[in-house]
Protein chains: 2
Amino acid sequence: MQFIAYKNYVQVFAYIFRWDTLAAIRHNNARNPMALAHAIMTALIDDDLSGYELAKSFDVSLGFFWRASHQQIYQELRKLAERGLLRGEKVSQSGKPNKIIYGLTEEGREALAQWVYDSSRMQEAKDDMLVKLYNLGDDNISHMVSEIEKRRDEMMQRLYLYERIRRTHYAKPDVLPVRRQGVYLALRCGITGGEQFLAWCDEALKRLAQIQSAQA
Amino acid sequence: MQFIAYKNYVQVFAYIFRWDTLAAIRHNNARNPMALAHAIMTALIDDDLSGYELAKSFDVSLGFFWRASHQQIYQELRKLAERGLLRGEKVSQSGKPNKIIYGLTEEGREALAQWVYDSSRMQEAKDDMLVKLYNLGDDNISHMVSEIEKRRDEMMQRLYLYERIRRTHYAKPDVLPVRRQGVYLALRCGITGGEQFLAWCDEALKRLAQIQSAQA
DNA sequence: CTCGACATGTAAAAAGTTACATGATTCT
DNA sequence: AGAATCATGTAACTTTTTACATGTCGAG
């Protein structure tokens, strides 16, 4: 089932949009190259970090907006060091494996500052669960309910963390320096998006409950 | 733009979760394998379509939640046909290149119905623009303003389309058959998510304007 | 003495993007 | 005549995931 049968959508659209506008909607599925590399460099603006530390800090900050596994991060760090955008310093540790502390070079800082001006396209939404909803039926409705409930719980946890960060570090955003205000805005995006998702979950659960009670 | 008062999740959570639970938030970055294949099969539930038609219908329906390029779709269709989940029928056309109309086989329908019960993990958010906000500075602030404005316009267009679809095909969701109600919920997710994003854009633009006027 | 956190990776596979290719038709 | 649309792909590449590997240290 589609929103609109393929044969009709053209007519529907001819009404609303000029064709050039439609084309703009269509071709949005593009990746912004090197995004992870720039996310990593961003994480190194203030502090020099080892791969492990970086991966950890990713989990509670930038990773909210660009996820990466530790394997990817290690590889990317090595590549960036090879290209001269990062400088890596080996640190021998007694008892523990050696680690490499990475920091931005001047070149790296320049490349990062330049990247901000690159055009980036809107990110595609990708969600399995919403595709599953297209397959909703009397038989799988209770499974969808539990899946949505699970997502709702996960989002609750995440929001709790966001809120905690907001209150401890961004309670008075107006007095923060410019860059911190940018981070605050990103955090706000996560918070409002999460709140919206919670609201949607409740709407969906309510509707699914209605369908279920009508069945019985 | 107002959202339901979910602000109390903070208190709720302070009671429910201890800090160790937060670790569970960390390892959510996984892909759900074969998601595109299932999205394609979903698009073929009601109608048999050629690759081209499928790609088009993707653009105005399922593609809102799982984007794919036509190249990817053609490849996936071929693979699915090889695995017996789709059946492809060659249609000779005069004047135009031949096309292959694909439809679900019984096996395909079963696999799809089964897939709905597979566990899927929360999708990672990936957004370049939010990473860029971490690099906000006096010099690039006006660029960020124009980038957010661009996103806002794009989202407006998309919301306009969503809303049009909702009104023409889902005006009275309660009387729809179960599966259509699932699609309606997905659409609602897109709409509320989009509205939230617009609201965030306005919040961000307001804050950035404040910073700019403080500079001058 | 085992389990989990610390710390660092390699290798292979899957998924997704970009660039290229072709050739008819229809609209301006 | 030139642009856009219809219609179908292939090939090369990048990005991301999964699975595997190794070894130390501290807590229970």
Side-chain angles (χ1 to χ4, degrees), chain A residues 6-7 10 13-14 18-20 22-23 26-40 49-59 63 66-81 88 90-102 120-121 123-124 126 128, chain B residues 20 23-24 26-40 49-59 63 66-81 83 88 90-102 120-121 123-124 126 128:
Chain A
Y6 167 63
K7 299 191 169 58
V10 176
F13 261 82
R18 293 193 314 279
W19 277 104
D20 52 348
L22 240 195
R26 280 220 279 254
H27 305 296
N28 267 334
N29 56 324
R31 176 152 320 181
N32 302 302
M34 308 291 303
L36 174 60
H38 293 102
I40 286 175
L49 298 171
S50 71
Y52 191 84
E53 289 167 325
L54 186 64
K56 289 291 150 230
S57 102
F58 238 68
D59 283 339
W66 201 277
R67 287 226 149 255
S69 60
H70 77 270
Q71 294 92 330
Q72 232 186 319
I73 288 172
Y74 280 119
Q75 280 182 35
E76 204 62 46
L77 282 170
R78 189 160 34 79
K79 277 191 223 164
L80 285 169
K90 281 201 178 105
V91 178
S92 305
Q93 300 184 114
S94 61
K96 287 181 186 181
N98 299 341
K99 60 179 172 181
I100 305 173
I101 303 275
Y102 290 95
S120 66
R121 279 155 290 186
Q123 213 51 32
E124 76 278 34
K126 284 208 170 175
D128 238 12
Chain B
D20 55 348
R26 287 220 277 251
H27 304 295
N28 268 333
N29 56 324
R31 178 154 318 182
N32 303 302
M34 307 291 301
L36 174 59
H38 293 103
I40 285 175
L49 298 171
S50 73
Y52 191 84
E53 290 168 325
L54 186 64
K56 288 294 151 219
S57 106
F58 239 68
D59 282 340
W66 200 277
R67 287 227 148 252
S69 60
H70 78 268
Q71 294 92 329
Q72 230 187 322
I73 287 172
Y74 280 118
Q75 280 182 36
E76 204 63 45
L77 282 170
R78 188 159 36 78
K79 275 190 223 164
L80 286 169
R83 287 200 290 144
K90 279 201 178 104
V91 177
S92 305
Q93 299 185 115
S94 61
K96 289 179 183 179
N98 299 341
K99 60 179 171 181
I100 304 173
I101 304 275
Y102 290 95
S120 66
R121 280 155 290 186
Q123 213 50 34
E124 76 276 35
K126 284 209 168 173
D128 238 12

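What's counted below: heavy atoms across the whole structure, side chains too, no hydrogens, waters or symmetry copies. Lettering follows sequence order; numbering is per chain, from 1.
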Whole-Å distance separating the CD atom of Glu76(B) from the P atom of dG16(C): 8 Å

Spacing of Ile101(B) atom CD1 and Leu77(B) atom CG [to the nearest 0.5 Å]: 11.0 Å

Lys56(A) and Tyr52(A): CA distance, side-chain angles, deciding distance, side chain to side chain contact (heavy atoms under 4.5 Å, CB included) verdict: CA-CA 6 Å; Lys56(A) 289 291 150 230; Tyr52(A) 191 84; 3.4 Å; yes

Nearest-angstrom distance from the residue atom NZ of Lys90(B) to P of dA7(D): 17 Å

Nearest-Å distance for atom pair CD/P, residues Glu53(A) and dA5(C): 18 Å

Phosphate-side-chain proximity, Gln72(A) and dT17(D), N/O vs OP1/OP2 below 4.0 Å: yes

Close side-chain approach of Phe58(B) to Ile73(B), heavy-atom, < 4.5 Å: yes

Value in whole Å for how far the P atom of dT22(D) lies from NZ of Lys99(A): 24 Å

Tyr52(B) side-chain N/O to dT8(D) phosphate OP1/OP2 under 4.0 Å: no

Whole angstrom value for the distance that separates C1' of dA14(C) from CG of Leu36(B): 12 Å

Separation of atom CD1 in Ile73(A) from atom P in dT10(C), rounded to whole Å: 15 Å

Nearest-Å distance for atom pair CD1/P, residues Ile40(A) and dT16(D): 10 Å

Upstream residue (5' side of DNA chain C) when Gln75(B) and Gln75(A) are each assigned their closest nucleotide: Gln75(A)

Arg67(A) side-chain N/O to dT16(D) phosphate OP1/OP2 under 4.0 Å: no

Any Tyr74(B) side-chain N or O less than 4.0 Å from OP1/OP2 of dT8(D): yes

Contact check, side chains of Gln72(B) and Arg67(B), non-hydrogen atoms, under 4.5 Å: no

Below 4.0 Å: OP1/OP2 of dT8(C) and any side-chain N or O of Arg78(A): no

Side-chain N,O (Ser50(A)) to OP1/OP2 (dT8(C)) below 4.0 Å: yes

Short side-chain N/O contact to dG9(C) OP1/OP2 from Gln71(A), under 4.0 Å: no

Reported CG-to-NZ distance for the pair Leu36(A) and Lys126(B), which is rounded to 0.5 angstrom: 7.5 Å

Interatomic distance, Met34(B) CE vs dA15(C) C1' [rounded to whole Å]: 11 Å

Below 4.0 Å: OP1/OP2 of dG16(C) and any side-chain N or O of Lys126(A): yes

